[in-house]
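Keep in mind the model is a prediction, meaning the values are calculated, not measured. If you read the sequence from its start, that first residue is 1, and numbering goes on from there.
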Amino acid sequence: MKQIYIKTLGMVVVMTLLGSCKKFVDYNPHEDFVVTDQDYLKSEDDYRTMVISAYTPLQWLNQVTVIGDIASDNSVAGGESASDVVPLQQIDDFTLTAVNSTLEDLWKVSYEGVNRANYLFQYKDKNPAGQAVNFNGKDALYGEVYFLRAYYYFTLVKMWGDVPFFVDKRLNLTDSRSLQRSPKAQVYAQIEQDLNAAIAALPTVQAQKGRITKYAAQGLLGKVYLYEGKFTQASTVLEPIITANAFTLVNDYASIYLAAGENGPESVFEIQYTNGSPYYNWGGATRGQGNYSVQQNGIRGISGSAAMPFAAGWSTNLPTQNLASAYSAGDQRKDITAFDIEAYKNAHPEYAITYKVAPYKNTGLYNGKYLPRKGESSGQIELNYLNNFRIMRYSEVLLMAAEALNRGGGDDGKALGYLNQVRRRAFKDTNHDVTASGTALKQAIWDERRLELAMDGDRFFDLVRTGQAAAKLAGFQAGKHELFPIPQQEVTISGLTQNAGY
């Protein structure tokens with residue numbers, strides 16, 4: 001595994017050139033040596049390998065998905081006790097401070113992703129030795145890099161608002177001590193620019209599953225526009241995904257989250273994970289190629305017959321009864337989203353299930369979308385689950401397009417059609433169609449996003465961007481909790497200003 005040592009804000013990190021993304025790469029992480037700029041990017045293979053490395057931090061951002069529900073009314077931190085997973089408990093209870101190891105880690109990972117992308121842009125036209133390395137497909141390959149940099153910056157700006165901003169080169173130690181926060185509008189402008197460049201360069205279909213496509217870039221740009229309140233632009237970029245007829249809603253909602261459902265006909269973009277690599281490390285639990293958050297979601301001490309499908313976990317990120325109650329009778333999404341282990345046990349006596357009740361903040365419910373299952377991890381079981389994060393599905397594209405049309409003064413009739421496609425899949429009938437318009441339709445779309453995307457990591461950010469957080473979240477302080485605190489290390493080392501209230 002070739003490595004380049006690079007600097008990011010407040011830290012020195014190792015940039016893994018042969019990173020991982022399930023479905024299209026494998027590597028041996030134990031063949032380590034250090035190379036310099038002059039030694040690398042000499043061939044097409046070097047560039048392609050470096051792009052894979054730019055994907056890798058996506059895997060390490062798994063706690064963003066967890067936080068997106070724990071910080072909301074969808075789930076609670078859970079765990080063994082009040083002193084278990086303290087960073088998540090603080091986020092759950094809105095007692096968080098600038099000293100929070102999970103937030104600090106996500107900040108560092110996001111900037112490592114930016115740095116990896118920027119390294120590639122720094123040497124896009126000529127490599128470090130001043131030589132041009134041209135090959136067929138290079139522009140399309142760089143379309144993936146544009147998307148990745150936009151994704152990392154979008155993660156940063158939606159969590160922290162104004163953030164240090166830099167492009168076209170790696171950040172060095174001097175920069176990290178002098179670079180201050182830039183207005184989020186400037187960061188959003190770059191995100192838009194990058195995603196438009198990605199759309200122009202990327203194919204609609206990739207030969208290797210899991211790689212970024214034009215549709216993924218369009219979907220992310222539409223989402224960014226919603227966050228910015230640019231509703232006309234959002235509908236303009238989202239509706240072509242729908243009219244392309246490239247995606248379909250999977251009839252059985254729960255099947256989307258099975259291993260067999262990965263990268264399926266509804267998938268617009270997924271973060272790829274694998275259990276095939278020997279790499280896992282308790283010293284960097286979120287840094288492997290497996291999905292660490294799956295173990296977090298699991299039912300504590302569950303066991304049973306050989307046919308019983310679930311493996312044990314840590315009972316964190318527990319869905320709330322508030323979420324379960326939001327589902328109407330007959331909605332097929334409820335059972336998989338707010339999984340009731342006691343009901344499942346009673347329905348399957350043949351499995352002889354036993355388990356330990358979640359000790360802290362018990363709700364009786366579990367995140368069934370990402371429960372650990374037997375045979376889906378290997379090596380260090382807890383750190384190596386293969387489950388992809390379903391970051392954007394076609395159903396979300398439909399709901400985003402509906403919201404954009406409604407809020408942008410567009411066609412409410414078309415918006416209703418998109419919304420009701422999602423509801424008809426959920427209920428398998430037309431009896432639950434929405435007929436509202438105007439403000440009532442807007443709220444119906446927002447409510448549907450909760451039901452459709454619960455435990456996928458969007459709820460908190462949706463409540464903030466739509467101005468509903470203070471009314472729906474106990475302990476939420478308007479003017480403070482819309483953003484997370486800048487990690488104290490960055491305030492101390494880089495002299496960054498802190499977000500209000502922290």
Side-chain angles (χ1 to χ4, degrees), residues 61 64-75 91 94 96 103 106 110 150-163 183-192 195 218-238 269 323 326 391-393 395-410 415 418-419 422 439-473 475-485 499-501:
L61 288 172
V64 175
T65 301
V66 174
I67 287 171
D69 285 292
I70 286 178
S72 79
D73 49 358
N74 275 359
S75 71
I91 291 168
F94 290 109
L96 68 167
L103 294 176
L106 293 174
S110 297
Y151 190 93
Y152 295 127
Y153 267 129
F154 184 46
T155 299
L156 285 160
V157 79
K158 76 180 184 180
M159 293 188 71
W160 288 286
D162 300 346
V163 293
K184 67 178 181 180
Q186 182 181 357
V187 184
Y188 269 126
Q190 184 66 48
I191 292 170
E192 290 180 22
L195 289 174
Q218 288 175 307
L220 183 57
L221 180 57
K223 192 166 191 171
V224 167
Y225 282 144
L226 286 183
Y227 273 70
E228 294 184 275
K230 297 180 177 180
F231 304 119
T232 301
Q233 294 95 319
S235 60
T236 298
V237 76
L238 290 166
F269 176 58
L323 172 61
I391 296 299
M392 185 173 292
R393 296 182 285 109
S395 60
E396 184 179 9
V397 172
L398 290 168
L399 293 175
M400 289 193 297
E403 180 179 346
L405 286 166
N406 170 260
R407 299 184 72 187
Y418 295 154
L419 169 62
V422 177
T439 301
L441 175 56
K442 177 181 70 174
Q443 189 62 53
I445 294 167
W446 289 347
D447 292 344
E448 199 66 30
R449 280 187 64 86
R450 183 190 192 189
L451 301 173
E452 179 69 19
L453 306 176
M455 310 310 293
D456 285 336
D458 276 284
R459 176 64 171 173
F460 173 76
F461 302 106
D462 274 349
L463 290 176
V464 169
R465 74 174 178 85
T466 59
Q468 302 178 89
K472 291 185 178 291
L473 304 180
F476 183 96
Q477 297 179 34
K480 176 181 180 179
H481 290 132
E482 291 86 354
L483 298 172
F484 294 98
N499 279 326

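Nearest approach of Met392 to Leu220, heavy atoms of both residues: CE-N, 3.9 Å. Smallest separation of non-hydrogen atoms from Met455 and Asp69: CA-OD2, 2.9 Å. The minimum heavy-atom distance linking Met159 with Ile67 is given by the pair CE-CD1, 4.5 Å. For the pair Leu226 and Glu403, the tightest heavy-atom approach, listed with the atom from each and the gap, is CD1-OE1, 4.0 Å. Nearest heavy-atom pair, Pro485 versus Leu96, reported as atom, atom and distance to 0.1 Å: CD-CD1, 3.4 Å. Scanning all heavy atoms of the two residues, the minimum distance from Gly222 to Ala234 falls at O-CB, 3.7 Å.
The aromatic rings of Phe484 and Phe460 sit tilted, their planes meeting at an angle between 30° and 60°.
Summarising the geometry, atom CG belonging to Asp162 is positioned 7.5 Å from atom CG belonging to Asn499; distances are rounded to the nearest 0.5 Å. Atoms NE2 and CZ, from His481 and Phe94 in turn, are 6.0 Å apart once rounded to the nearest 0.5 Å. Distance CZ/Arg393 to CG/Leu398: 10.5 Å, rounded to 0.5 Å. The line from CG of Leu405 to CE of Met400 is 12.0 Å long, rounded to the nearest 0.5 Å. To the nearest 0.5 Å, the span separating CD1 on Ile391 from CZ on Phe269 amounts to 6.5 Å. Taken from CG in Leu238 to CD in Glu396, the straight-line distance is 9.0 Å, to the nearest 0.5 Å.
Residues passing the ring pair (Phe, Tyr, Trp, His ring centres under 6.0 Å) test with Phe154 are Tyr227, sequence neighbours excluded. Applying the ring pair (Phe, Tyr, Trp, His ring centres under 6.0 Å) test to Tyr225 and every residue at least two apart in sequence or in another chain returns nothing. Not a single ring pair (Phe, Tyr, Trp, His ring centres under 6.0 Å) links Tyr188 to another residue, sequence neighbours left out. Listed by chain and residue number, Asp447, Gln468 satisfy the side chain to side chain donor-acceptor pair (under 3.5 Å) test with Gln443 (two or more places apart in sequence, or in another chain). Looking at residues two or more places apart in sequence or on another chain, you find a side chain to side chain contact (heavy atoms under 4.5 Å, CB included) between Leu441 and Asn406, Asp412, Ala415, Leu416, Leu419, Val434, Ala436, Ile445. Residues satisfying the salt bridge (charged side-chain N to carboxylate O under 4.0 Å, His left out) test with Arg459, not counting sequence neighbours, are Asp73.
A salt bridge (charged side-chain N to carboxylate O under 4.0 Å, His left out) with Asp458 is found for exactly one of Lys223, Arg450, Arg465, namely Lys223.
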* **side chain to side chain contact (heavy atoms under 4.5 Å, CB included) between Leu221 and Glu192, intermediate numbers included** => CA-CA 7 Å; Leu221 180 57; Glu192 290 180 22; 4.2 Å; yes
* Could you walk me through whether Leu103 and Ile91 pass the side chain to side chain contact (heavy atoms under 4.5 Å, CB included) check? -> CA-CA 9 Å; Leu103 294 176; Ile91 291 168; 4.1 Å; yes
* Decide side chain to side chain contact (heavy atoms under 4.5 Å, CB included) for Thr65 and Asp456; before the verdict, give the C-alpha distance in whole Å, the side-chain angles of both, and the deciding distance to 0.1 Å. => CA-CA 6 Å; Thr65 301; Asp456 285 336; 5.5 Å; no
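When side chains are defined from C-beta on, Leu61 counts as touching Ser110, because their heavy atoms get closer than 4.5 Å. Between Val64 and Leu106 there is a side-chain heavy-atom pair separated by less than 4.5 Å.
Counting heavy-atom neighbours within 6.0 Å of Lys158 NZ, excluding the residue itself, gives a total above 12.
Side chain of Glu482 to backbone of Gly479: a donor-acceptor contact under 3.5 angstrom is found.
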